[in-house]
Amino acid sequence: MQIPYVVDTRPDTGLYNGKLGVWLFLASEVMLFGGLFSAYVLLRMGAPVWPRHALNVPMAAMNTAVLIASSMTMVMAWASLKMRQWTRARGYLAATLFFGAIFLVVKFFEYSEHLRAGENPAHSMFFAIYYTLTGVHMLHLIAGMLAIAYFLGPGARMMRQAPEQFTNRIEAVGLYWHFVDLIWIFLFPTLYLV
Amino acid sequence: MFSLDHKVIGIQYLITGFLFLLFGFALMTLMRWQLAYPLQPIPFVGNLFGPERAPGGIMLPEFYNQLGAMHGTVMVFLATVPIIVGGFGNFLVPLQIGAPDMAFPKLNMLSYWSFVVGGIVMLVSFFVPGGAAQSGWTSYPPLADIMPIGQTIWLFGMVFLITSSLLGAINFIVTIVQLRTPGMTWMRLPYFVWAQFVSAFLLLLAFPPLEVAAILQLMDRIAGTSFFLPSGLVVSGQIVTGLTGQAAGRLASGGGNPLLWQHLFWFLGHPEVYVLILPAMGIVAEIIANNTRRPLWGYRAMVSSAVFIGFMSLIVWAHHMYITGMGTTLAAFFQTTTMIISIPSVIILTSLFVSLWGASIRFTTPMLFALAFLPMFGIGGLTGLPLGLAGSDTQLHDTYYVIAHFHYVVAPGTIFAMFAGVYYWYPKATGRQMNTVLGTIHFWGSFVCMNLIFMPMFLQGLGGMNRRLYDGGLQYLHNAEFLKWHIPISMAAWTLGLFQIPFLLNFFGSIKWGTAVGQNPWNATTLEWSAPSPARHGNFERPPVVRRPAYEYSVPGAPRDFTPQDAD
């Protein structure tokens, strides 16, 4: 017997296995970042003072725009695959990767600016939670970029051999990518604005 | 080694888990020597541990603390969960729902090997300078923040184990939702599958907060932050400073909060208890239905109780924290939810008891263990009620009463269910039966010893004996009359070890000498018995079609006293 519903959807649930798996994984990710945000709230409530406007808002605003753009190219990649337009799909995937890289570069400049000013994780509770939250987010972003790079490189063979399954995989990666994007949408106001 | 077949991975989990169970037991036998005969050299093996752990064979307090912390860690994260979820769950869930395999076989293999790596990391931590983690399996800061490097390694080990559990949980849920064979509706699922389903959700949602806690503690230990270090913390007369030489938890940013760790830890810690007990109840339910030759009494009530336990277990965690000074308002909330969660547990236990009522019971070896599970878990559960109420917990907290309580739940509870499961499904995995005489010796020996070990601990705890003292409490007068109880308890613990020898002989010997049996030796109804023993890769020739609920035993007018789920 073969494992059913790897590619096609099960009629009564309307899902293929991978899609349900990714949604469940994202549920656990919600709990992960939920825990981190709760820790942030608790530590901030207990702090006698909390620095405001200690971070570079224009840089982070730019990064927000970059990530939103990357989510759009990610959807376009999946849509192109649905229409079996291989070349366009690859272009959109590469663009997503490019936007991800820009985010990392901007973040690198931000980090080094703070570190030069002596604002390392041990500097204060604010920077401790700042580095932890953005660091965990960045690890997620890098993991997403590795997945996309895989589907552009060695994983791309499947594009022509099993197009439907490949499209499903890009959809799953896309769900994860949008989630990482969404986390940033929460991080930006929490850390930079309020 | 790197098989993708769920049955092979399940057996790998089971055997690795049992090895860790033995290892955790060995750690405990050393502790029991120290408690029974404090400050006397450990016989036979005392000189093996070296001067930094046990000079002259006499155990140092630091070494005792390592043994204690690692006994808990190994038993919970490396033995019980891997056996009952990784082992039994992997082996049985696809078979019981009529699926060819788990939904993601490669992910399944990955979670097994991630568990193995996590286990090795934990073992290695004994050999680093300063030894293994010694802040208890709960790793409470600020103590854990300032302990030697072993604690860092413990945290890395936990990251691997958490990853393993998360991947496994996703796999179980997808398998149960997506791969049920035609006709296998939710209310026809065997109870064991339901128990695994709820457990998987608990692992999925409760482990990430522990991962958060581990990340924050790693930051404290490596990057010099002070998430869990309050400002002005004084240890041994000196203010604790971070890596950079600054006083930890400087006022400018607000001090850290040790309670934050406890909240994050117990948010996992309590659901974890139900991860340990729900699949055990599942195993016991299967065996009781089969050996009473009757349908489970109150199947629907049992299923809804399990689901309700799942929800409630996420909002009871702070009942572990009554004496931390978190306030009476929170305590009132958490003791209310704790009293509520005891109701579904009692419903399940009652249903299992009523299932026995008036049945002609077959006293097979698995049934002996399953029957013993009921009162043992009952004792463990009911003695938990005083701990769930803030008033009585103030008296009992951190005493041997707590040890007795949760060991009654997991040792003669969950571990007995595991033994029952091994005896029951052994023919499915190997095609042979285990020996009944050896099994009976194993059962009665274990049953008597378990009670001799844990029953006196209730009295010691009521006498006020603290659970964390490495000499058992020699210097305290208030429980001096209970000190002598340590000796018979330790004797019983070592004897319990001896009574596992028949089990090991039986387990490995029956592969060769066990009586060969057909695919359904117990005359059972669930789908795993419709596959060959041992089943080959892919399990079934074609998808079985399910036509009836899981436990159609003794149906009036049926040709036999059992009707398999897929029979015409």
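Here is how names work: the chains are called A, B, and so on, in the same order as the sequence lines, proteins then strands, and each is numbered from 1.
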Novice: Should B:Phe227 and A:Thr132 be marked as a side-chain contact (heavy atoms from CB on, under 4.5 Å) after you check the CA-CA gap, both sets of side-chain angles, and the distance that decides it?
Specialist: CA-CA 11 Å; B:Phe227 289 120; A:Thr132 310; 3.4 Å; yes
Novice: With chain A, which of B:Asp101, B:Leu166, B:Val177, B:Asn539 has the greatest number of heavy-atom pairs at distances under 4.5 Å?
Specialist: B:Val177
Novice: Select, from A:Val6, A:Ile129, A:Val136, the one with the greatest count of heavy-atom pairs under 4.5 Å involving chain B.
Specialist: A:Ile129
Novice: Side chain from CB out, backbone as N, CA, C, O: work out which of these in A:Ile3 comes under 4.5 Å of a heavy atom of chain B, or both, or neither.
Specialist: both
Novice: Between A:Ser28, A:Ser38, A:Ala39, A:Gly35, which residue shows the highest count of heavy-atom pairs closer than 4.5 Å to chain B?
Specialist: A:Ser28
Novice: Output the distance between atom CD (B:Gln178) and atom CG (A:Asp12), rounded to the nearest 0.5 Å.
Specialist: 8.0 Å
Novice: Select, from B:Met219, B:His537, B:Glu211, the one with the greatest count of heavy-atom pairs under 4.5 Å involving chain A.
Specialist: B:Met219
Novice: For A:Met72, does the CE atom have more than 12 heavy-atom neighbours from other residues, nucleotides or ligands under 6.0 Å away?
Specialist: no
Novice: Can you name the nearest heavy-atom pair linking A:Leu32 to B:Pro208, along with the distance?
Specialist: N-CB, 3.4 Å
Novice: Would you say OH of A:Tyr176 has more than 12 non-hydrogen atoms from neighbouring residues, nucleotides or ligands within 6.0 angstrom?
Specialist: yes
Novice: Determine whether more than 12 heavy atoms belonging to other residues, nucleotides or ligands lie under 6.0 Å from atom CH2 of A:Trp86.
Specialist: yes
Novice: When rounded to the nearest 0.5 angstrom, what distance separates CG in B:Leu210 from CE in A:Met31?
Specialist: 12.0 Å
Novice: In Å and rounded to the nearest 0.5 Å, what is the CD1 to CG distance from B:Ile170 to A:Leu20?
Specialist: 9.5 Å
Novice: Please look at A:Phe127 and chain B and tell me whether the side chain, the backbone, both or neither of the residue comes under 4.5 angstrom of a heavy atom of that chain.
Specialist: neither
Novice: Non-hydrogen atoms of chain A under 4.5 Å away: do they reach the side chain of B:Pro543, the backbone, both or neither?
Specialist: both
Novice: B:Leu205, B:Asn257, B:Asn171: which one forms the most heavy-atom pairs within less than 4.5 Å of chain A?
Specialist: B:Leu205
Novice: Return the CG to CD1 distance between A:Leu24 and B:Ile173, rounded to the nearest 0.5 Å.
Specialist: 5.0 Å
Novice: Taking atom CZ of B:Phe156 as the centre, does the number of heavy atoms from other residues, nucleotides or ligands within less than 6.0 Å exceed 12?
Specialist: no
Novice: Under 4.5 Å heavy-atom distance to chain B, tell me which part of A:Gln2 shows up: side chain, backbone, both or neither.
Specialist: backbone
Novice: Check this for me: B:Phe333, atom CZ, are more than 12 non-hydrogen atoms of other residues, nucleotides or ligands nearer than 6.0 Å?
Specialist: yes
Novice: With a 4.5 angstrom heavy-atom cut-off, could you sort out which part of B:Arg536 is near chain A: side chain, backbone, both or neither?
Specialist: neither
Novice: Examine whether an atom of B:Leu260 lies under 4.5 Å from a heavy atom of chain A, and if so say whether it belongs to the side chain, the backbone or both; otherwise answer neither.
Specialist: both
Novice: Taking B:Leu203, B:Leu259, B:Leu179 one by one, which has the highest count of heavy-atom pairs under 4.5 Å against chain A?
Specialist: B:Leu179
Novice: Please check if the number of heavy atoms outside A:Met45 that lie under 6.0 Å from its CE is greater than 12.
Specialist: no
Novice: Closest approach of B:Arg180 and A:Arg10, non-hydrogen atoms and distance?
Specialist: O-NH1, 3.0 Å
